[in-house]
Amino acid sequence: MYTQALNAKDASAGTRPEDTARLAVFQSTVDAEDKIEPNDWMPDGYRKTLIRQISQHAHSEVIGMQPEGNWITRAPSLRRKAALLAKIQDEAGHGLYLYAAAETLGVSRDELYEQLLSGKAKYSSIFNYPTPTWADIGIIGWLVDGAAIMNQIPLCRCSYGPYARAMIRVCKEESFHQRQGYEIMLTLCRGTPEQKAMAQDALNRWWWPVLMMFGPSDKDSMHSADSTRWKIKRFSNDDLRQKFVDATVPQGQFLGLTFPDPDLRLDEESGHWHYGEIDWSEFKRVVAGDGPMNKQRMAHRRQTEADGAWVREAAMAHAEKRRQRAAAARIAAE
Amino acid sequence: MTDKTPMPLWEVFIRARSGLPHKHCGSVHAPDATMAVQAARDVYTRRGESVSIWVVPSAAIIASDPNEKDQLFEPTSTKAYRHPTFYDIPDEVGHM
């Protein structure tokens, strides 16, 4: 999902003997579905996993503004433009909720942001695909945000309190994103043949990358055991992907669109939609930085960061000047 | 970026409507209190969630130590007589 790079295993920290008792208290708290809060004792691995997961999620929200930002000046009506602006502002807000949640684990937002800008930290592969047509904006809302919701609803019950609370806010807002996206698709599909063809073309390009958002197949996913025991992750990548496909295929059929998968069929027995093999070599390439838009996305982010530096510096200098003036006035009055 | 003074952190509390207390909802970074209130409005109240915002410098919050919560809160756990259900009242007396 927005944290696919977590599926690469890192050297996990060993537990110190004196921590055994505290570990037992920690695990029983988690098992009882109680929340872990910022200053509670937690295993190093739990803290590290959360910092990586929450910050990757935050980075994804921030980078995720770019594919949609591409269409603000070209939205087809004022109504669409207002909705798109509100949605993109939400993505910025989601990034900020998540950075705030990550900071409660003892890491600064500046550090996390530096990891994004230096390329050390990853973000979701999905934002490395281009948005050449207006239908792509519909698809992002309907499918990309739809997949995000599927992944994020279980995170509302994550064992780490600040992350769970941030996800509750995010999920409430994502629902608007998905509905506005589907409405765009519906309008195109009920429009001229050219508009419908544009919708179909967007679905053809995005379907497989969206399925990849859920991360590697369970048999290749490395981090699941710890995350499951710690109740950070509640459903496997494949389970969530299946839920998404089952929910989405009928929505696509309602639009009168076809999915670019010759193997897609309803399995009568299980009631699930069977889908074809995902091209994991493309997934690995895009996560590793070699997708269609990786270089542009990072170059744009770095440029924006550099362009805004003087504003942050000026605001800090102004605040400092006012502090000094207030202090001087106090001394003069005494 | 890393060699500069970090932008101060503020804890944000919002009141959903009159009659309810301000409730913690997250944090923002801002150079001063005025900008912290504006940032809190943009980040936490985009859908009419609030009629009032408090921002408090995070460093100004004094918190109890979670490692000492057992000792700190122990005195109340043994005082069942502070609760109404501790007292037996005959049913005939009715609701009290």
Side-chain angles (χ1 to χ4, degrees), chain A residues 22 25 29 36-42 85-87 89-90 92-104 108-118 161-163 165-166 168-170 172-173 175-176 302 305-306 308-309 311-323 326, chain B residues 1-16 20-50 53-74 77:
Chain A
R22 290 194 286 194
V25 173
T29 305
I36 304 298
E37 292 295 341
N39 293 321
D40 292 344
W41 185 88
M42 60 187 84
L85 278 167
K87 179 179 189 305
Q89 194 186 6
D90 277 352
H94 297 174
L96 290 170
Y97 305 157
L98 288 160
Y99 284 126
E103 285 195 303
T104 64
S108 76
R109 187 175 78 187
D110 286 352
E111 271 174 80
L112 297 173
Y113 211 60
E114 194 55 43
Q115 290 172 4
L116 171 67
L117 295 176
S118 72
Y163 192 26
R165 291 192 286 273
I168 290 169
R169 298 183 67 88
V170 169
K172 275 188 196 161
E173 299 178 356
S175 173
F176 139 60
R302 290 191 190 108
E305 178 69 17
V311 178
R312 293 186 296 276
E313 283 162 23
M316 288 290 280
H318 182 68
E320 182 55 29
K321 183 181 78 185
R322 287 179 49 139
R323 245 190 309 276
Chain B
M1 169 168 186
T2 41
D3 55 8
K4 289 197 310 257
T5 322
M7 212 173 260
L9 187 64
W10 306 76
E11 297 304 317
V12 179
F13 300 79
I14 58 177
R15 185 202 290 283
L20 293 178
H22 284 78
K23 195 175 159 194
H24 184 249
C25 66
S27 58
V28 292
H29 284 277
D32 60 30
T34 311
M35 290 191 74
V37 170
Q38 285 170 358
R41 183 203 59 183
D42 292 344
V43 176
Y44 293 104
T45 70
R46 287 192 301 281
R47 288 176 175 76
E49 292 93 335
S50 170
I53 295 174
W54 286 353
V55 294
V56 180
S58 301
I61 290 185
I62 314 294
S64 62
D65 182 350
N67 295 316
E68 287 174 7
K69 72 169 179 256
D70 291 346
Q71 299 95 303
L72 190 63
F73 299 109
E74 187 277 335
S77 65

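Numbers restart at 1 for each chain; the letters A, B, ... are given by sequence-line order, proteins then strands.
Interatomic distance, CZ of A:Arg109 versus CG of B:Leu9, reported as 8.5 Å (0.5 Å rounding). The structure places CG of A:Asn39 at 8.0 Å from CG of B:Asp65, a figure rounded to the nearest 0.5 Å. Here the CD-NZ distance, from B:Glu49 to A:Lys172, works out to 7.5 Å after rounding to the nearest 0.5 Å. For the atom pair CZ (A:Arg322) and OG1 (B:Thr34), the distance works out to 5.5 Å, reported to the nearest 0.5 Å.
Across all their heavy atoms, A:Arg169 and B:Tyr44 have their closest contact at NH2-O, 2.8 Å. Between A:Ala319 and B:Pro31 the shortest heavy-atom distance is CB-O, 3.6 Å. Looking at every heavy atom in both residues, B:Pro66 comes nearest to A:Asp40 through CB-OD1, 3.6 Å.
Remark: A:Arg302 CZ is packed, more than 12 non-hydrogen atoms of other residues, nucleotides or ligands lying under 6.0 Å away. Heavy-atom neighbours of A:Met42 CE from other residues, nucleotides or ligands within 6.0 Å: above the threshold of 12.
You'll find the side chain of A:Met316 reaches within 4.5 Å of the side chain of B:Pro8, heavy atoms only. Residues B:His29 and A:Tyr99 fail the side-chain proximity criterion, which asks for heavy atoms closer than 4.5 Å.
Of the atoms belonging to A:Gln89, heavy atoms from both backbone and side chain fall under 4.5 Å from chain B.
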Exercise for the section: Verify side-chain contact (heavy atoms from CB on, under 4.5 Å) between B:Arg47 and A:Asp90, making sure each step is shown before the conclusion. Expected result: CA-CA 10 Å; B:Arg47 288 176 175 76; A:Asp90 277 352; 2.5 Å; yes
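Not a single donor-acceptor pair under 3.5 Å links the side chain of B:Arg46 to the backbone N or O of A:Ala86.
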